Amino acid sequence: MPKVKVEKIIKAERGKVFSTITDFENLPGKLPEFFKSVKVVSKDGNTVVIEESAKMAGRDITQKTKHLLTPPERHEVFILDG
């Protein structure tokens with residue numbers, strides 16, 4: 001299974017960044033250049049499954065992803081479909 005790790009150093013409070021990128025329902029409004037739509041399918045503890053329509057590497061994609069959240073330092077994403 002391929003793995004992709006993305007890191008970027010920015011000047012911002014860690015908890016606020018984590019809160020922003022895990023506010024899935026509002027990602028299209030906050031990051032419209034990447035997210036066209038996001039629908040939360042399920043939430044169970046620190047696991048969230050979403051369906052998203054996004055633009056990545058210049059391509060439009062639709063996928064179902066599982067997000068494993070360990071605030072504020074880790075946000076793992078697993079592509080389930082798409």
Side-chain angles (χ1 to χ4, degrees):
M1 173 186 309
K3 281 189 169 188
V4 176
K5 184 175 182 175
V6 177
E7 292 182 359
K8 180 160 180 125
I9 297 174
I10 60 172
K11 283 189 173 188
E13 193 269 315
R14 181 185 240 187
K16 184 170 177 137
V17 172
F18 193 89
S19 175
T20 298
I21 63 169
T22 58
D23 182 10
F24 301 111
E25 294 93 343
N26 292 308
L27 285 175
K30 292 179 180 179
L31 298 169
E33 63 275 18
F34 297 110
F35 294 96
K36 292 179 176 183
S37 68
V38 175
K39 177 185 172 194
V40 174
V41 175
S42 67
K43 289 182 183 180
D44 184 20
N46 67 335
T47 303
V48 182
V49 175
I50 67 172
E51 292 175 348
E52 60 192 61
S53 177
K55 187 167 200 124
M56 305 235 178
R59 299 182 73 183
D60 290 329
I61 61 168
T62 301
Q63 61 187 12
K64 187 176 193 178
T65 54
K66 178 173 81 171
H67 299 256
L68 184 58
L69 309 175
T70 310
E73 66 276 343
R74 183 170 284 225
H75 176 190
E76 296 179 89
V77 182
F78 302 90
I79 299 172
L80 304 175
D81 189 28

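Heavy-atom basis, side chains included; hydrogens, waters and symmetry copies ignored. For clarity, every value in this text was computed on a predicted model and none was experimentally measured.
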- prompt: Is there a donor-acceptor pair under 3.5 Å between the side chain of Q63 and the backbone N or O of T65?
  reply: no

task: Kindly say whether L68 contributes a backbone atom to a donor-acceptor pair with the side chain of N46 at under 3.5 angstrom?
output: no

- prompt: Does a sphere of radius 6.0 Å around CD1 in I9 hold more than 12 heavy atoms from other residues, nucleotides or ligands, not counting ones at 6.0 Å or beyond?
  reply: no

- prompt: Taking atom CD1 of I50 and atom NZ of K39, what is their separation to the nearest 0.5 Å?
  reply: 12.0 Å

Residues 20-36 side chain polar contacts: donor-acceptor under 3.5 Å, at least two apart:
from : atom 1 : to  : atom 2 : distance (Å)
T20  : OG1    : K16 : O      : 2.9
T22  : OG1    : F18 : O      : 2.7
D23  : OD1    : N26 : ND2    : 3.1
D23  : OD2    : N26 : ND2    : 2.9
D23  : OD2    : K30 : NZ     : 3.1
K36  : NZ     : D60 : OD1    : 3.1
K36  : NZ     : D60 : OD2    : 3.2

query: Do K66 and T47 come close enough that some side-chain heavy atom pair is under 4.5 Å?
result: yes

Show every donor-acceptor pair shorter than 3.5 Å between a side-chain atom in residues 71-80 and any protein atom, with sequence neighbours excluded, or say none if there are none.
from : atom 1 : to  : atom 2 : distance (Å)
H75  : NE2    : H67 : ND1    : 2.7

- request: May I have the step-by-step check of side chain to side chain contact (heavy atoms under 4.5 Å, CB included) for K64 and V49, ending in yes or no?
  value: CA-CA 7 Å; K64 187 176 193 178; V49 175; 3.7 Å; yes

